[in-house]
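A quick write-up on the structure given underneath.
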Amino acid sequence: MPIQLVTTVAGLKAESARLLTSKGGVSQGLVPTMGALHEGHATLARTAVEQNDVVVASIFVNPLQFGDAADLDRYPRTLDADLSLLEEQGVDLAFAPSVEEVYPGGQPLVRITSGNLGDKWEGASRPGHFDGALTVVAKLLHYGLPAAGLPGGAADSAAGRLPAYRAYFGQKDAQQLALVRRMVADLNFPVEIVGVPTVRATDGLALSSRNRFLSEAERDAALVLSRALRLLEQRANAHEPLDLDSALALVESQTLVSLDYFDVVDPVTLEPLAENCRETPFRGEALALIAAKVGPVRLIDNMPLNS
Ligand code: PAF
């Protein structure tokens, strides 16, 4: 089926309700994006299509989560290509609102605060980023909520049967995913958050909309990030000490790479697991986080560690 494009919240609500009813569907999935879509987003969309009767993808470059106006202007806008990619995955509806549609009164006075989970790692380098991201995610989750009583009308509504509602986020943005899960739990949003594993190029580079800004030499240099993460993964799988320092030395040996942070953290609180990762054999679950500038491009990556 060709994908439908809507640009207003009213259009999104009406079309998603119509689709859910016409398909006799019982579940709706939302894939929030900022466009400039790549295979990583395609995987999010495909997962949503496999798990839901109706799938909506939003495409909105959210000004609230950019600290720097130049960065916001530079963000790639590729609507036609994005719509084709979403259609190929079987997404039913694309929601591409204007800034005025999402923030009709200008920037919102009241916002979601990401607290100390949002102040560290990415948050330390990009102040206000996660407050802006969570604020728009909260709005998008409300917009995508399937209407009560669908598809069985009043009978389902009376019986308390609501369509299932799921939203899909990439594990590549590990801190964002942890924060969205925390917001949904802390503020009782009626949605299941599904984390989808990072998609990598065959040489290991995590797919990102920013990779298009890397020169060939920078792209080669950027591979050190995933190599360092893989080193930790291998050691974790072998129950060896993670020896973060040697992985760190590997990253620092690459002159085009300027490291911001590299650490092993608790996957829920994102607090460093110092003791578990240096001399003692690794046990349990952790997340290795890395961020660096490669030439002018800031990249992030991470690796879940389980043993
Ligand atoms: O991950 C992103 O693309 C954005 O942060 C999101 C979740 C769409 C909010 O603008």
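Note that ligands are numbered from 1 as they come in the structure, with each ligand's atoms numbered from 1 the same way. Being a predicted model, the structure only gives us computed values, none of them experimental. Each residue takes its place number in the sequence, starting with 1.
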ask   = Taking only heavy atoms of Val137, which atoms of ligand 1 are found under 4.0 Å from at least one of them?
value = 7 (C), 9 (C)

message = So if I count the atoms of ligand 1 from 1 in the order they appear, which ones are less than 4.0 Å from some heavy atom of Val136?
response = 9 (C), 10 (O)

message = With a 4.0 Å cut-off on N to O distance, would you call Glu122 and Arg298 a salt bridge?
response = yes

inquiry  = Side chains of Thr78 and Arg212 only: does a donor on one sit below 3.5 Å from an acceptor on the other?
reply    = no

task = Select one of side chain, backbone, both or neither to describe which atoms of Thr33 lie under 4.0 Å from any atom of ligand 1, heavy atoms only.
result = backbone

inquiry  = I'd like to know if the side chain of Asp131 pairs up with that of Thr113 as donor and acceptor (distance under 3.5 Å, no hydrogens or angles considered).
reply    = no

ask   = Does the N or O separation between Gln176 and ligand 1 drop below 3.5 Å for any pair?
value = yes

ask   = Can we say Arg219 and Glu216 salt-bridge, meaning some charged N sits less than 4.0 Å from an Asp/Glu carboxylate O?
value = no

Distance-only polar pair, side chains of Tyr103 and Asn62, donor-acceptor under 3.5 Å = yes

remark   = Ranking His41, Gln65, Met34 by closest non-hydrogen atom to atom 9 (C) of ligand 1, top hit is Gln65

